[in-house]
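Let me begin by presenting the structure, written as C-alpha cells, before commenting on it.
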There are 2 protein chains.
Amino acid sequence: MIVRVLKYAILGLLYRQEYSGYDITSQFKKEIGQFWSAKHSQIYPELRKLVDEGLLHFRTQIQGEKLEKKMYTITEAGRKELLEWALSPEPLPETEKDAFMLKMYFIHTLSQEEARILFENQLQQRQEKLVHLKQEYEQLIPLFGEENTSGAMHFDHPHLGHYLVLTKAIAREQSYVEWLKRHVHLLL
Amino acid sequence: MIVRVLKYAILGLLYRQEYSGYDITSQFKKEIGQFWSAKHSQIYPELRKLVDEGLLHFRTQIQGEKLEKKMYTITEAGRKELLEWALSPEPLPETEKDAFMLKMYFIHTLSQEEARILFENQLQQRQEKLVHLKQEYEQLIPLFGEENTSGAMHFDHPHLGHYLVLTKAIAREQSYVEWLKRHVHLLL
DNA sequence: AATAAACATGTTGATATTTACATGTTTTAT
DNA sequence: ATAAAACATGTAAATATCAACATGTTTATT
C-alpha cells in the first residue's frame with residue numbers, strides 16, 4: 001500500500017487550473033499547507049516525473065521579456081488516477097508525529113518549573129496560531145457565505161475544500177489549546 | 001535547526017530503564033506510538049550510531065540457551081543531550097500531514113455520494129479508535145489514581161507521561177470526530 | 001537609478017523512513 | 001511433538017524529505 005501523496009497533492013491542485021512549479025510551491029504555503037506541503041526541491045523533480053508518466057503536460061510561457069515558466073495541466077490519465085486515489089478510503093495513520101508530545105512523555109526528565117515553562121510556551125504558540133486561523137476564517141466569511149442566507153456553505157460551493165481545511169485546522173488548534181489548559185495545573 | 005528526533009526518542013525511553021532494540025520497537029507500538037514511532041530497521045542503525053557517539057552503551061545478555069540480546073543503557077553524556085533537547089522550546093510544525101484532509105481539500109473532484117462515503121468511513125474509523133483509546137484510559141485509572149483521592153494525578157506521579165499522551169490522543173480523536181460530525185450534513 | 005522582494009527553476013548531498021530481504025531462537029498453544 | 005507466535009537482530013534498496021547550492025528575471029519600492 002505505497003501511496004505517493006505528493007503526486008496526488010499536485011494532481012489535485014491542477015484539477016481546476018493550470019499552475020507553474022512556483023505556483024504549486026506557493027499553494028503549499030497557504031491553507032492546504034496545514035495538512036500537506038513540500039519544498040520546491042521536491043516539487044520540481046516530481047513534476048518532471050508526472051510528465052514522464054503522462055499524468056501532466058506543460059507549455060512554456062514567457063513572463064516579461066525572457067523569463068520562461070512552465071505551466072502544467074493535468075491530462076485525462078492524470079484525472080483518472082487522481083479520482084482513483086481520492087475515492088479510496090483513507091486508513092488512519094498509526095502515528096501522527098508530534099515532538100512536543102514526545103517531550104511530554106518524557107516529562108519526568110524535567111523539573112516542575114522546566115516543564116511548566118515548556119508547556120506554557122507551547123500554549124502561547126498554539127493560542128497565537130489559533131488567533132491567526134480565526135482571523136483568516138473571519139476574513140473569508142464573505143467568500144464562504146454567511147449562515148442563514150442564500151450564500152451558506154453547501155456541497156457545490158466553489159470554496160468548500162478551503163472551508164473544510166480551515167475549519168479543521170481551527171478545530172485541531174482549539175483542541176490542542178484546550179488540552180494544554182486542562183493539564184497546565186499539573187505543573188503549577 | 002536540524003533535530004534528530006528518533007535519537008531523543010530512544011534516549012528518552014532509556015532514561016528510566018535498560019531496553020533492547022526489540023523492546024524499543026515494542027514501546028513504539030504502545031502509547032507513545034500515537035506521537036512518535038520507528039521501524040526496527042531504523043532503530044538498530046540508530047542504536048549503533050548512539051553507541052558510537054558515546055550516548056549509550058550496552059551489555060550482551062543471553063536469553064535462554066544462546067539467544068544474544070543487547071541491553072542498552074544511557075550514559076551521562078546521553079542524559080545531558082536528552083535534557084538539553086527536552087528543555088528546548090518546541091516550535092510548531094508548519095504542516096501536520098493528514099492525507100484525509102488533503103482529500104477533503106479536493107472534495108470537488110468527487111460526487112456528493114462519493115464524498116459522503118469517504119467521509120463516513122473516516123468518521124467510523126475515528127470513532128472506533130476513540131472507543132479503543134477510552135477503554136485504554138479506563139483500564140489505566142487504577143494506575144493513574146482516581147480523582148479526589150490521595151492517588152490523583154500530580155507532577156511526581158510515575159505515570160504522568162503516560163497519562164498525558166493518552167489524554168492528548170483522546171482529545172485529538174474526540175476533536176476529529178466532532179469536526180466530522182459537524183460537517184457531515186454538507187454531504188447529505 | 002538602485003535595491004529589495006518576489007518570481008522562477010533547477011541540482012546536490014544528507015537524512016529520514018519504509019519495505020523487503022535474511023536469519024535464527026524461545027515460548028506458548030494445540 | 002509440532003506449529004505458530006513472539007522474541008531478537010541485522011542489512012539492502014527504494015522512496016521521501018530537507019537544507020543548501022546555484023542561477024537568473026521581474027516587479028515594486030525608495
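In what follows, chains are A, B, ... by sequence order, proteins preceding strands, each numbered from 1.
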Compare the minimum distances between each of [options] and the side chain of [X], then state the nucleotide with the smallest one.
X	options	result
A:K69	D:dT26, C:dA8, D:dT11	C:dA8
B:W36	C:dT17, D:dG10, C:dG10	C:dT17
A:H40	C:dT26, D:dG24, C:dT11	C:dT11
B:Q42	C:dT18, D:dT17, C:dG24	C:dT18
A:K66	C:dA6, D:dA8, D:dT25	D:dT25

Could you tell me whether the phosphate oxygens of [N], OP1 or OP2, come under 4.0 Å of any side-chain nitrogen or oxygen in [X]?
X	N	value
B:K70	D:dG10	yes
A:Y44	C:dT9	yes
B:Y22	D:dT9	no
B:K39	C:dT18	no

Please give, in whole Å, the distance from D:dA16 P to A:I43 CD1?
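Nearest whole value for this atom pair: 14 Å.
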Atom OH of A:Y19 to atom P of C:dA8: distance rounded to whole Å?
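So the OH-P distance, A:Y19 to C:dA8, works out to 13 Å.
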Would a single hydrophobic cluster contain both B:W179 and B:V177, if residues Ile, Leu, Val, Met, Phe, Trp and Tyr are joined by side-chain heavy-atom contacts under 4.5 Å?
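Same hydrophobic cluster.
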How would you label the contact of [X] with the nucleic acid (heavy atoms, under 4.0 Å): base, sugar-phosphate, or nothing?
X	result
A:Q63	sugar-phosphate
B:S41	base
B:K97	sugar-phosphate

Cut-off 3.5 Å, side chains only: do A:Q124 and A:E128 have a donor facing an acceptor?
yes
Honestly, is A:K39 close enough over A:Y44, meaning NZ or CZ under 6.0 Å from the six-membered ring centre and within 45° of the axis?
no
Report the residues that fulfil side-chain contact (heavy atoms from CB on, under 4.5 Å) with B:H132, sequence neighbours left out, ordered by chain and then residue number.
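Partners of B:H132 by the side-chain contact (heavy atoms from CB on, under 4.5 Å) criterion, ordered by chain and then number, come out as B:Q135.
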